[in-house]
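Read the structure below first, then the notes.
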Amino acid sequence: MRVSIIGTGYVGLTTGVCFAWLGHDVTCVDTDQAKVDSLARGVPTIYEPFLEQFMAEARDHIRFTTSYAEAIPGSEVVFIAVGTPPGPGGSPDLRYLAAAAKAVGRNFDGDYAVVVNKSTVPIGSGNWVDTLLCESWQEAHGSAARGQFSVASNPEFLREGTAIHDTLYADRVVIGSDATRSLEVLYTLYRPILDQTFVPPSYLPRPEDLGAVPLVSTDLASAELIKYAANAFLALKISYINEIGQLAEKVGADITQVAKGIGLDARIGSRFLQAGLGWGGSCFGKDTAALVSTASEYGLKMHIVEAAQTVNVRQRERVVEKLLGEMKILKGRTIALLGLAFKPNTDDLREAPAVAIARQLLDRGCRVKVHDPVALDRFRREYADLGPLGVICCETPEQTVEAADAVVLVTEWPQYREMNWEAVAQSMRTRLLLDGRNVLDRARLTRAGFHYLTMNGDIQAAVETTTAA
Ligand SMILES: NC(=O)c1ccc[n+]([C@@H]2O[C@H](COP(=O)([O-])OP(=O)(O)OC[C@H]3O[C@@H](n4cnc5c(N)ncnc54)[C@H](O)[C@@H]3O)[C@@H](O)[C@H]2O)c1
């Protein structure tokens, strides 16, 4: 099928490359000329495992352009995957969505296209995009649009770091539209994924237990709400375990054992129950805020979602409080932060806890040394203001911890687990370590001479529970 993708960020690029890899004819449009130039050369603009290889394998089926006039005419499906960053008051900033919809309406010249909101957009945006498409079509063509467009919602659930895997081997595909024809078109487009008819790449095998991918086909508003409800649920699961973690610290319980003990209940599940310094990234903060904002337009208060937000903000503050509690004076100290990206296997820094923590430490008069295996260059570009304030970017984790008064593990990149912590202990000024993700080997670090802290205290691990009857 002929597919256009508007916006080549984390979602648009992954979607475009995967559909092209599956054999569809894809044109990606982005307003950022530098991005388009890089992508046209086959060089990804984001860090995402397997993306470069997929782009190379799909190159005969994908083009990149800044020109809507080149991309839109003749498209059967147009995905809008532009950013919807948080706006004032929690509701998302929809200016990129509006610009994209208007440009599609102006440039389309075929008989029929399905225009798909893949961006996470507030409930009701489908109807709004439909209006924008028809208005701009009329402006450009001088006559009213008559059935040229159907709008659908196809929320995206990929996780950065496993985006290609999540697209090919999705847990589910959700398609919402009030027009049967658009549901049929999208069903055809997604068929190779739904029925898993493609030959999997050797380096990204199909999960053994994956059968057909479930399709949830629904009305527009339900699809839009599904995305927000899913993200808010995941966010509150994390905040729930972090809140329990605060109590665990007070009563002397081990939160990792508590999480294991409750996560083995199939009704609860163990995923998203890792206590630590909380969620980050471009989605959870923005989407919980949007949900609260949408509900307030209808006179509703989202008590649980708001509580999840509060707990998450608090976790970041607790990092600084813990360091303060141990060191008493933070002014003049050097703190090493290991990890900048909001999670491993991505270079995405949006809402990254490391950035918030660095700012709080700078406010307290600390010098902050930072490292990340892939996000350092992006950090230098996007947070250039932090350098003059006292943030020092280091090329290796070893340089970062050298002569530091404390180290905080912020992002659980595997290479940090495998560091030579005995050597690190020798190079630090004070052997204080706050493991913000509960992933390091407490016994080993203690042997190396570290005062080992987690977000939930420094208690000795509780006796390992066993599954023995
Ligand atoms: N990143 C994720 O993990 C993720 C997951 C699920 C859903 N989403 C949602 O998907 C949407 C996109 O997120 P992202 O992370 O890919 O954003 P992003 O910021 O990485 O990419 C957006 C892209 O859109 C381009 N753009 C902006 N206006 C444009 C226009 N008028 N025409 C063409 N291109 C334009 C930008 O230059 C940019 O390249 C958001 O609504 C987000 O909430 C993101």
Side-chain angles (χ1 to χ4, degrees), residues 4-18 27-39 44-48 51 64-72 78-87 91-107 115-122 125 129 132-133 136 153-167 170-174 223-224 226-232 234-235 279-291 341-343 345-352 378 382:
S4 295
I5 312 267
I6 316 294
T8 54
Y10 290 87
V11 167
L13 184 57
T14 305
T15 307
V17 168
C18 284
T27 306
C28 293
V29 192
D30 203 291
T31 44
D32 184 332
Q33 183 73 55
K35 257 187 201 185
V36 167
D37 291 346
S38 172
L39 294 170
T45 42
I46 53 170
Y47 176 82
E48 185 60 47
L51 183 60
F64 298 93
T65 178
T66 53
S67 164
Y68 277 84
E70 208 177 294
I72 300 302
V78 179
F79 282 97
I80 301 182
V82 297
T84 49
S91 57
D93 178 351
L94 297 179
R95 85 181 93 153
Y96 307 106
L97 180 73
K102 287 179 192 167
V104 173
R106 271 198 306 277
N107 286 281
V115 179
V116 188
N117 279 339
K118 200 168 232 334
S119 298
T120 304
V121 291
S125 299
V129 163
L132 296 176
L133 287 167
S136 49
S153 165
N154 172 218
E156 180 54 62
F157 301 104
L158 66 75
R159 298 161 298 172
E160 289 174 18
T162 51
I164 305 261
H165 177 279
D166 295 348
T167 304
D171 290 337
R172 77 297 207 190
V173 172
V174 174
E224 290 168 344
I226 284 169
K227 174 63 193 173
Y228 283 108
N231 268 2
L234 294 172
W279 80 67
S282 66
C283 292
F284 286 0
K286 162 175 86 68
D287 294 349
T288 50
L291 194 59
F342 82 96
K343 67 174 182 178
N345 290 320
T346 181
D347 60 349
D348 197 342
L349 293 165
R350 290 175 288 184
E351 297 277 325
R378 187 178 284 275
E382 294 182 0

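All figures in this text were calculated on a predicted structure; none of them were measured in a lab. Just so you know, ligand 1 is whichever comes first in the structure, and atom 1 is the first atom listed for that ligand. Below, each value reflects all heavy atoms present in this structure, side chains not excepted, and no hydrogens, waters or symmetry copies.
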Ranking Ile6, Val11, Ile5, Val29 by closest non-hydrogen atom to atom 16 (O) of ligand 1, top hit is Val11
Closest non-hydrogen atoms of Glu48 and Thr162, given as atom of the first, atom of the second and distance, are OE2-N, 3.1 Å
For Tyr96, the ligand 1 atoms with a heavy-atom partner under 4.0 Å come out as 27 (C), 28 (N), 31 (N)
Contact region, Lys102 to ligand 1, non-hydrogen atoms below 4.0 Å, reads neither
Near Glu156 (heavy-atom distance under 4.0 Å), the atoms of ligand 1 are 6 (C), 7 (C)
Cys28 and Gly16 have their tightest heavy-atom pair at SG-CA, 4.3 Å
The option among Pro155, Gly161, Gly9, Gly7 carrying the non-hydrogen atom nearest to atom 24 (O) of ligand 1 is Gly7
query = When you look at Lys286 and Arg350, which way does the side-chain contact (heavy atoms from CB on, under 4.5 Å) test go after all the steps?
reply = CA-CA 10 Å; Lys286 162 175 86 68; Arg350 290 175 288 184; over 6 Å; no
Is Phe157 near ligand 1, meaning one of its heavy atoms is under 4.0 Å from it? no
For ligand 1, which is the ligand I care about here, please tell me if Cys283 has any N or O atom under 3.5 Å from one of the ligand's N or O atoms.
no
Here the atoms of ligand 1 under 4.0 Å from any heavy atom belonging to Ser282 are 1 (N)
Quick one, Val174 with Phe157, criterion side-chain contact (heavy atoms from CB on, under 4.5 Å). Give me CA distance, side-chain angles, the key distance, then yes/no. CA-CA 9 Å; Val174 174; Phe157 301 104; 3.8 Å; yes
task: Could you give me the CA-CA distance, side-chain angles and deciding distance for Asn231 and Thr288, then say whether side-chain contact (heavy atoms from CB on, under 4.5 Å) is met?
output: CA-CA 7 Å; Asn231 268 2; Thr288 50; over 6 Å; no
The answer for which part of Phe342 has a heavy atom under 4.0 Å from ligand 1 is neither
Tell me if a side-chain donor or acceptor on Asp32 pairs with a main-chain N or O of Ala34 at a distance below 3.5 Å. yes
| Got Arg378 and Ile46 here, is their nearest side-chain heavy-atom distance under 4.5 Å? | yes
Honestly, for Lys286 the part within reach of ligand 1 (heavy atoms, under 4.0 Å) is side chain
Run the numbers on Tyr68 and Ile6 for side-chain contact (heavy atoms from CB on, under 4.5 Å), then give the verdict.
-> CA-CA 9 Å; Tyr68 277 84; Ile6 316 294; 2.9 Å; yes
So the atoms of ligand 1 within less than 4.0 Å of a heavy atom of Glu160 turn out to be 1 (N), 2 (C), 3 (O)
For Ser67 and Thr65 the tightest heavy-atom approach is N-OG1, 2.8 Å
Is there at least one pair of N or O atoms, one from Asp287 and one from ligand 1, spaced under 3.5 Å apart?
no
among protein heavy atoms, the one nearest atom 22 (C) of ligand 1 is Gly83 N, 3.5 Å
Closest to atom 9 (C) of ligand 1 among protein heavy atoms sits Thr120 OG1, 3.4 Å
State, with a plain yes or no, whether a side-chain heavy atom of Tyr10 is found less than 4.5 Å away from one of Leu51.
no
For Tyr68, the ligand 1 atoms with a heavy-atom partner under 4.0 Å come out as 30 (C), 31 (N), 32 (N), 33 (C)
- Quick one: are Pro122 and Pro92 in side-chain contact, heavy atoms under 4.5 Å? yes
Of all the heavy atoms in Arg350, does at least one lie under 4.0 Å from an atom in ligand 1? yes
Open item on the list: Are more than 12 heavy atoms, taken from residues, nucleotides or ligands other than Lys102, located less than 6.0 Å from that residue's NZ atom?
Closed with: no
Counting from 1 in the order shown, the ligand 1 atoms closer than 4.0 Å to a non-hydrogen atom of Lys35 are 38 (C), 39 (O)
Checking heavy-atom distances from atom 25 (C) of ligand 1 to each of Asp30, Thr8, Val82, the winner is Asp30
Note: ligand 1 atoms sitting under 4.0 Å from heavy atoms of Thr84 are 40 (C), 41 (O), 43 (O)
